[in-house]
There are 2 protein chains.
Amino acid sequence: MANEGRIDEAILEAILAGRLEPGTRLGEVRLGEIFGVSRTRVREALMKLETRGIVRVNSRRGWFVVEPSAEEARAAFQARRVVETGLILSMRGLDPAHAAHLRAHLVEEEQTIVGGDVGSRTCSLGDFHIHLAEAAGNPLLVDILRDLTARTTLVSMLYQSTEEAAASHADHTAIFAALEAGDFPEAARLMVGHIDDVEDGLDLSVRRIRPDDLRALLVTDGAPSRHRLS
Amino acid sequence: MANEGRIDEAILEAILAGRLEPGTRLGEVRLGEIFGVSRTRVREALMKLETRGIVRVNSRRGWFVVEPSAEEARAAFQARRVVETGLILSMRGLDPAHAAHLRAHLVEEEQTIVGGDVGSRTCSLGDFHIHLAEAAGNPLLVDILRDLTARTTLVSMLYQSTEEAAASHADHTAIFAALEAGDFPEAARLMVGHIDDVEDGLDLSVRRIRPDDLRALLVTDGAPSRHRLS
DNA sequence: TCGACCTAGCTTGCATACAAGTCCTGTCCT
DNA sequence: AGGACAGGACTTGTATGCAAGCTAGGTCGA
């Protein structure tokens with residue numbers, strides 16, 4: 001059974017969906033109970049997430065969802081600008097299949113914005129960039145951007161964000177249009193503007209709340225072993 | 001004591017220095033004996049390296065240094081082109097301290113090429129790109145490029161490479177000159193050409209040898225607990 | 001002679017037990 | 001009353017033990 005990366009993915013998904021906020025403590029035993037496994041596998045999952053910069057361990061004190069500092073936040077956005085700009089400028093065309101995939105994502109994105117909760121919205125908005133990386137056809141860059149968008153998503157949760165989901169969706173649509181038209185320099189320019197807008201929407205001097213409990217945030221329904229990995 | 005990432009770093013250093021070739025099996029118990037720890041910590045180290053794409057596990061068969069396929073090799077070089085181009089183009093200036101650091105590295109690089117073995121040479125050549133990322137001042141991009149250059153170093157080991165260390169050093173020197181002159185577009189162009197040259201020097205249709213033993217490759221001197229982490 | 005099978009020895013996968021450090025709380029002394 | 005201190009309940013860190021699966025080599029049968 002696709003049991004391999006279940007725990008990593010479940011935790012990451014919970015974080016990205018906003019169910020686990022930055023600073024939340026992630027107890028090994030607690031997570032083990034939730035997933036019905038021993039601490040060993042939980043530790044493995046947490047350590048993988050640690051090398052990806054999603055969680056951090058405070059020796060003998062606990063595991064926590066990372067709380068990026070203002071400087072780290074800026075670095076994350078800059079990294080995304082660098083990678084996504086380079087990515088778009090390296091593209092020579094847009095494969096029809098990938099174009100269709102992106103277009104399908106855009107309609108899903110719109111539906112989520114209208115009807116979904118804030119978590120699904122943020123998640124969907126971030127997925128656009130990952131799908132775009134997939135369209136460029138480089139799995140390594142997909143992974144890199146996956147972790148980078150995870151980081152900026154975390155930042156948006158931690159700091160006061162005035163980002164309008166609708167505005168982001170409009171940006172995405174415009175970027176896609178430029179890509180489909182084959183105007184990659186324009187798409188890159190739009191992308192930089194888009195990321196700038198999201199970053200400017202943050203107030204890096206004001207930090208948000210920091211609650212501290214796990215609750216049943218990781219499992220949405222009753223059974224502890226049922227998870228949707230998006 | 002800086003005991004934290006000792007094992008990860010030691011293994012990675014051994015791989016990057018060419019002492020552990022792609023395809024080498026990394027037995028948990030064997031590594032545990034070498035480092036004087038139990039399998040637990042070895043597993044943690046290997047799993048961290050796995051998420052960084054350096055080693056891979058074949059269920060119940062063993063851990064191995066990754067052997068990138070021809071396609072993966074191309075992807076790694078493309079990713080480096082994307083990231084390093086974006087990185088250089090995002091730079092607005094070269095901090096004097098970082099400039100001095102890079103210059104110092106270049107002379108060390110030259111010395112290594114004249115007097116060092118092939119492992120030190122490859123290592124030193126790769127470090128230039130990491131130091132360059134450090135000069136850009138973004139820790140995230142440093143980490144990304146560290147793993148990316150590790151991958152391409154692995155590729156160069158696996159496939160027949162006609163790369164001349166001297167030529168690479170000359171490229172690096174030219175790139176540094178352009179950076180110092182503030183001509184970042186030119187530096188980016190030179191960088192693309194440089195990575196292209198390295199990639200073109202590979203014969204992706206011919207794979208190299210694949211020995212299969214650990215020997216005392218991980219420890220250079222007698223005592224199992226003495227390691228230099230570069 | 002060749003092929004199927006079976007077993008022994010290896011590997012990792014996972015759980016559990018114990019060690020060691022941190023934090024909080026209650027108590028005792030001043 | 002206030003502060004130092006001690007103890008216990010928690011946490012992660014590390015080792016070890018057992019289970020499960022892969023591989024290779026030998027044996028038996030056709």
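- Counting only N and O atoms by type, the side chains of Ser90(B) and Arg81(A) include no donor and acceptor under 3.5 Å apart.
- Here the options are Leu49(A), Ile15(A), Leu158(A), the test is side-chain contact (heavy atoms from CB on, under 4.5 Å), and the partner is Val65(A); only Ile15(A) passes.
- Remark: Arg74(B) pairs with Ala70(B), Glu199(B), Leu204(B) by the side-chain contact (heavy atoms from CB on, under 4.5 Å) rule, at least two apart or across chains.
- Between Glu33(B) atom CD and dC10(C) atom P the separation is 12 Å, expressed in whole Å.
- Ring planes of His172(A) and His129(A): perpendicular class, angle over 60° (limits at 30 and 60°).
- Phosphate contact (OP1/OP2 of dG13(D), side-chain N/O of Arg43(A), threshold under 4.0 Å): present.
- The CH2-C1' distance, from Trp63(B) to dC22(D), rounds to 16 Å in whole Å.
- Checking dG13(D), dT12(C), dT16(D) against the side-chain heavy atoms of Arg25(B) singles out dT12(C) as nearest.
- For the pair Arg39(A) and Arg61(B), both in contact range of DNA chain D, the more 5′-proximal nearest nucleotide belongs to Arg39(A).
- The nearest whole Å value for the distance from the CZ atom in Arg41(A) to the C1' atom in dT16(C) is 15 Å.
- Between the P atom of dT14(D) and the CD atom of Glu44(B) lies a distance of 7 Å, rounded to the nearest Å.
- The nearest whole Å value for the distance from the CE atom in Met47(B) to the C1' atom in dC14(C) is 10 Å.
- Following rounding to the nearest Å, Leu31(A) (CG) and dT12(D) (C1') show an atom-to-atom distance of 13 Å.
- A salt bridge links Arg43(B) to Glu44(A): one of the charged nitrogens lies within less than 4.0 Å of a carboxylate oxygen.
- Following rounding to the nearest Å, Arg30(B) (CZ) and dC10(C) (P) show an atom-to-atom distance of 14 Å.
- Candidate nucleotides dT14(D), dG13(D), dT11(C) were compared by shortest atom distance to the side chain of Val29(B), and dT11(C) ranks first.
- The side chain of Ser38(A) contributes an N or O atom lying less than 4.0 Å from OP1 or OP2 of dA15(C).
- Between the CD atom of Glu28(B) and the C1' atom of dT14(D) there is a distance of 14 Å, given to the nearest Å.
- The 5' end of DNA chain C is approached more closely, in terms of each residue's nearest nucleotide, by Asn58(B) than by the other of Ser59(A) and Asn58(B).
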